[in-house]
Amino acid sequence: MLPIQLFRQNKELVLEGLKKRNFKETELVDQIIAIDEKRRQLQVENDNLAASINAASKNIGQLMAQGKKDEAEAIKAEVASHKEQTKELAAKLAEMEQEQYDLIIRLPNIPHSSVPFGKTPEDNEVVRQAGTRPDLSAQKLPHWELTEKYNLINFELGTKLTGSGFPVYIGQGAKLQRALISYFLNYNIDAGYMEIYPPYMVNEDSARGTGQLPDKEGQMYHAVADNYYLIPTAEVPVTNVYRDEIVKESDLPIKMTAYTPCFRREAGSYGKDVRGLNRLHQFDKVEIVQLIQPEKSYEALEGMVSHVEKLLQSLELEYRILRLCGGDMGFTSALTYDFEVYSAAQERWLEVSSTSNFENFQTNRLKARYKDANGKTNLLHSLNGSSLALPRIVACLLENHQTLDGIRIPKALQAYFGAEMIK
RNA sequence: GGUGAGGUGGGUGAGAGGCCGAAACCAACAGUUUGCUAAACUGUCGUACGGGUCAAACCGUACCGAGGGUUCGAAUCCCUCCCUCACCGCCA
């Protein structure tokens with residue numbers, strides 16, 4: 001949610017940002033500004049009225065203490081009429097606040113100046129591409145055949161136990177998951193991230209805090225009896241750690257990492273996108289989150305990007321980094337880098353990480369703030385990224401490193417996996 | 001699941017219709033003292049919205065778990081809901 005001050009101070013910036021996103025309802029901006037002015041007017045009126053009521057009440061108390069009952073009664077009558085007015089005003093004010101909120105919440109974040117113009121994924125800018133494409137002339141099996149061949153994952157069993165999109169990892173397949181999770185977490189911890197092991201369900205306040213509610217409830221699994229939501233990403237519980245908190249500047253940056261399974265309903269997905277490990281209802285992911293001063297957040301974002309990039313390199317996979325265009329960026333992001341890995345048998349790029357700076361769009365709603373050197377309270381900037389999402393990494397590891405003798409495990413992972421090959 | 005107690009500022013905790021945005025203590029921050037550390041002392045020390053200002057100072061309003069009610073006036077009384085803690089039961 002954009003801070004209201006932004007509209008008063010820099011309307012042009014908002015309009016330009018919306019244009020870059022191809023966001024059509026630009027009239028919302030003027031509506032918001034108009035309501036804001038009216039709202040403030042009303043507040044001044046209402047506050048003044050309340051002030052006179054308060055003063056009168058105090059007066060009554062003193063008069064009663066002095067035994068001047070008649071005078072007190074006279075003032076009481078006066079207060080009664082003021083109260084009528086303030087009741088009306090307060091109701092109008094609340095209505096207006098709600099109206100303003102409803103409008104403002106519909107606006108997406110303002111893209112960073114480096115975000116390219118564009119409407120579709122084709123307009124995303126390839127920042128870097130690196131790694132080598134393996135020679136699969138000897139054998140080119142897609143991962144869903146490799147998982148069967150080596151008995152790593154049983155998709156049908158998952159369907160029996162739960163439903164489609166809930167694979168069962170078996171034997172070396174299960175061990176590979178555990179190895180990747182440990183490797184990713186340790187890698188992040190070494191870079192100064194604090195490991196968090198959060199709940200896998202959150203309450204409504206948390207879901208609201210990171211913006212899953214009110215709009216995206218269809219994306220989450222909901223435990224109705226207790227009104228808890230299964231997390232669609234670790235970002236939800238981890239970012240909410242700092243909901244309604246004010247931290248000292250000396251505590252910044254706050255860097256957290258967490259492994260969690262992620263639960264997504266993914267209603268409406270179909271076809272090759274959901275084949276094998278490409279899209280699941282439950283998957284594993286290791287997330288990194290940072291909270292930092294506004295002036296340092298883009299430096300931090302670049303740091304996170306190179307952090308994730310090195311991790312991908314260590315897995316010996318071909319990857320590319322995209323700077324998402326205005327039309328393809330998530331609603332809450334100001335700048336997003338997507339990481340894609342080349343799936344050599346499917347011959348397509350798969351997204352394995354999305355790393356974004358949300359500036360104060362998230363923290364405004366979360367009320368995650370810090371106190372600066374002058375004692376002033378400001379909103380933090382929040383950033384997060386995957387490092388990494390497991391299923392597609394697994395898919396690419398299997399496909400890209402397949403040989404006739406088995407699947408080669410990258411060096412960096414061997415100590416965690418305990419073998420050099422899957423046979 | 002049963003029974004009981006309770007939700008007050010960063011923490012502990014007092015307040016029981018007006019003198020309360022809230023004592024005291026602790027923590028934190030700044031300073032004085034000091035060879036260093038410690039101690040001692042002094043001061044500062046909630047948030048939001050709005051007004052005001054170049055910026056401050058300052059002023060108003062709201063907030064004592066949430067929502068409603070009683071009253072001229074509510075942290076304090078009443079109602080509803082939520083949550084936490086303790087003990088018992090069950091259980092990984």
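Throughout, a chain's letter reflects where its sequence line sits, starting with A, and its residues are numbered from 1. Values in this document were obtained by computation on a predicted structure and should not be read as measured data.
Between A:His381 and A:Phe361, the ring centre distance reaches or exceeds 6.0 Å.
The A:Gln43 side chain lies nearest to B:G60 when the options are B:G60, B:C72, B:U47. In the set B:A48, B:G60, B:C72, B:C72 carries the atom at the smallest distance from any side-chain atom of A:Lys76. Picking from B:U47, B:C72, B:G60 the nucleotide with the shortest atom distance to the side chain of A:Ile60 gives B:C72. Closest to the A:Gln5 side chain, of the nucleotides B:U61, B:C49, B:C72, is B:C49. For A:Val44, the listed nucleotide lying nearest its side chain is B:G51; candidates were B:U61, B:A56, B:G51.
Counting non-hydrogen atoms under 4.0 angstrom, A:Asn59 reaches nothing in the nucleic acid. If you check every strand for non-hydrogen atoms under 4.0 Å, A:Ile53 touches nothing. Counting any heavy atom pair closer than 4.0 Å across all strands shown, A:Ile75 reaches no nucleic acid atom. Across all strands, A:Ala56 comes closer than 4.0 Å to no nucleic acid atom at all (heavy-atom distances). Note on A:Glu45: nothing from the nucleic acid sits closer than 4.0 angstrom, heavy atoms only.
The NZ atom of A:Lys376 sits 18 Å away from the C1' atom of B:C45 (whole-angstrom rounding). Between the CG atom of A:Asn48 and the P atom of B:G52 there is a distance of 12 Å, given to the nearest Å. As rounded to whole Å, 11 Å separates atom P of B:A55 from atom CD of A:Gln9. Rounded to whole Å, the distance from CG on A:Leu379 to C1' on B:C49 is 14 Å. When the C1' atom of B:G51 is taken as reference, atom CZ of A:Arg8 falls 12 Å away, rounded to whole Å. Here B:G67 presents its P atom at 12 Å from CG of A:Asp205, a figure rounded to the nearest Å. Counting to the nearest Å, the P atom of B:G10 and the CD atom of A:Glu249 are 19 Å from each other. In this structure, CG of A:Asn203 is placed 11 Å from C1' of B:C83, rounded to the nearest angstrom.
Nucleotides B:G65 and B:G13, compared at atom P, are 14 Å apart to the nearest Å. B:U42 and B:C49: their C1' atoms are spaced 35 Å apart (whole Å). Only the P atoms considered, B:U84 is 27 Å distant from B:U47, to the nearest whole Å. The same atom, C1', is picked in B:U71 and in B:U12; the two are 33 Å apart, to the nearest Å. If you take atom P in B:G6 and the same atom in B:A23, they sit 24 Å apart, rounded to whole Å. To the nearest whole angstrom, the two C1' atoms, one in B:C77 and one in B:C90, are 40 Å apart. B:A38 and B:C54 are spaced 45 Å apart, taking the P atom of each and rounding to whole Å. Rounded to a whole angstrom, the distance from the C1' atom of B:C82 to that of B:A30 is 41 Å.
The main-chain N or O of A:Val289 is never found under 3.5 Å from a side-chain atom of A:Asn384 such that the two would form a donor-acceptor pair. At distances below 3.5 Å, not a single donor-acceptor pair connects side-chain atoms of A:Ser297 with backbone N or O atoms of A:Gln293. With hydrogens and angles disregarded, a donor-acceptor distance shorter than 3.5 Å links the side chain of A:Asp123 to the backbone of A:Thr120. Judged purely by atom type and a 3.5 angstrom limit, A:Lys255 uses its side chain to pair as donor or acceptor with the backbone of A:Ala191.
For the segment residues 78-94 of chain A, the set of residues with a heavy atom within less than 4.0 Å of an atom of RNA chain B comprises A:Val79, A:Lys83, in numerical order.
Using a cut-off of 4.0 Å between Lys/Arg side-chain N and Asp/Glu carboxylate O, A:Asp36 and A:Arg8 are scored as salt-bridged. We find that A:Glu316 and A:Arg408 are joined by a salt bridge, their nearest charged nitrogen and carboxylate oxygen being less than 4.0 Å apart. Under the 4.0 Å criterion applied to side-chain N and carboxylate O atoms, A:Arg106 and A:Glu25 are assigned as salt-bridge partners. The pair A:Lys119-A:Asp328 does not count as a salt bridge, with every side-chain nitrogen at least 4.0 angstrom from each carboxylate oxygen. One finds no salt bridge joining A:Lys20 and A:Glu16 here, because no Lys/Arg side-chain nitrogen approaches an Asp/Glu carboxylate oxygen to under 4.0 Å.
Checking the phosphate oxygens (OP1, OP2) of B:A62, a side-chain nitrogen or oxygen of A:Asn54 falls inside 4.0 Å. Here A:Lys58 does not reach the OP1 or OP2 of B:C19: none of its side-chain N or O atoms lies under 4.0 Å away. For B:G50, one of the phosphate oxygens OP1 or OP2 lies less than 4.0 angstrom from a side-chain nitrogen or oxygen of A:Arg39. Under 4.0 angstrom from either OP1 or OP2 of B:A48 there lies at least one side-chain N or O belonging to A:Arg369.
Residues A:His401 and A:Pro410 share a closest heavy-atom pair of CD2-CD, 4.0 Å.
Closest-nucleotide positions on RNA chain B for A:Ile4 and A:Asn46 were compared, and the one nearer the 5' end corresponds to A:Ile4.
Listed by first residue number, the stems of RNA chain B with at least three Watson-Crick or G-U pairs below 3.5 Å are B:1-7 with B:82-88, B:10-12 with B:24-26, B:28-32 with B:40-44, B:46-51 with B:58-63, B:65-69 with B:77-81.
Atom CD1 in A:Ile32 sits 4.0 Å away from atom CZ in A:Phe7 (nearest 0.5 Å).
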